[in-house]
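Report on the following structure.
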Amino acid sequence: MPDAAALAELDERIAITRANLAELMEQASAFSGAADEDRNADRINEQQDILDALLKQRAALAQ
């Protein structure tokens, strides 16, 4: 049986990471310039990697 507390913690971390991604996407559309675009792309990729790992952890824990 899945650990409800661990699932809740992962759900919270997933929500925070999704909010971070949304904010970074907004920032990326507001800024211009190659350096800003590269930096934002790196930050977005980093957050996406974190989200993917969290979702994988959650799926494994839920089984």
Side-chain angles (χ1 to χ4, degrees):
M1 175 166 221
D3 181 355
L7 283 174
E9 180 184 345
L10 280 171
D11 286 340
E12 183 177 341
R13 291 175 62 196
I14 288 167
I16 290 168
T17 304
R18 284 183 171 149
N20 289 345
L21 276 168
E23 184 177 331
L24 288 169
M25 296 292 254
E26 282 183 34
Q27 289 175 3
S29 66
F31 294 124
S32 64
D36 288 333
E37 290 174 12
D38 288 343
R39 183 176 43 227
N40 281 331
D42 290 343
R43 292 172 66 198
I44 289 169
N45 288 333
E46 179 184 330
Q47 288 296 304
Q48 186 62 54
D49 290 345
I50 291 169
L51 179 59
D52 292 345
L54 289 170
L55 291 171
K56 187 175 179 178
Q57 283 179 327
R58 192 190 188 294
L61 187 61
Q63 291 181 344

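- Put simply, CG on Leu51 and NZ on Lys56 are 13.5 Å apart, with the number rounded to the nearest 0.5 Å.
- We find the CG-CG distance between Leu55 and Asp11 to be 9.5 Å, quoted to the nearest 0.5 Å.
- Gln48 CD: more than 12 foreign heavy atoms inside a 6.0 Å radius.
- Distance check, rounded to the nearest 0.5 Å: CD1 of Ile44 to CG of Asp49 gives 12.0 Å.
- Of all the heavy atoms in Asn40 and Ala28, the pair that sits closest is ND2-CA, 3.6 Å.
- Partners of Glu23 according to the side-chain contact (heavy atoms from CB on, under 4.5 Å) rule, which considers only residues two or more places apart in sequence or in another chain, are Gln27.
- When the salt bridge (Lys or Arg N to Asp or Glu O under 4.0 Å) test is applied to Arg13, no partner is found at least two apart in sequence or on another chain.
- Atoms CG and CD1, on Leu54 and Ile16 in that order, are 10.0 Å from each other to the nearest 0.5 Å.
- Remark: Ala62 engages Leu7, Arg58 in a side-chain contact (heavy atoms from CB on, under 4.5 Å) (not counting sequence neighbours).
- Atom-to-atom distance recorded for Leu21:CG and Glu46:CD is 10.0 Å, nearest 0.5 angstrom.
- Rounding to the nearest 0.5 angstrom, the gap separating the CD atom in Gln57 from the CG atom in Asp52 is 11.5 Å.
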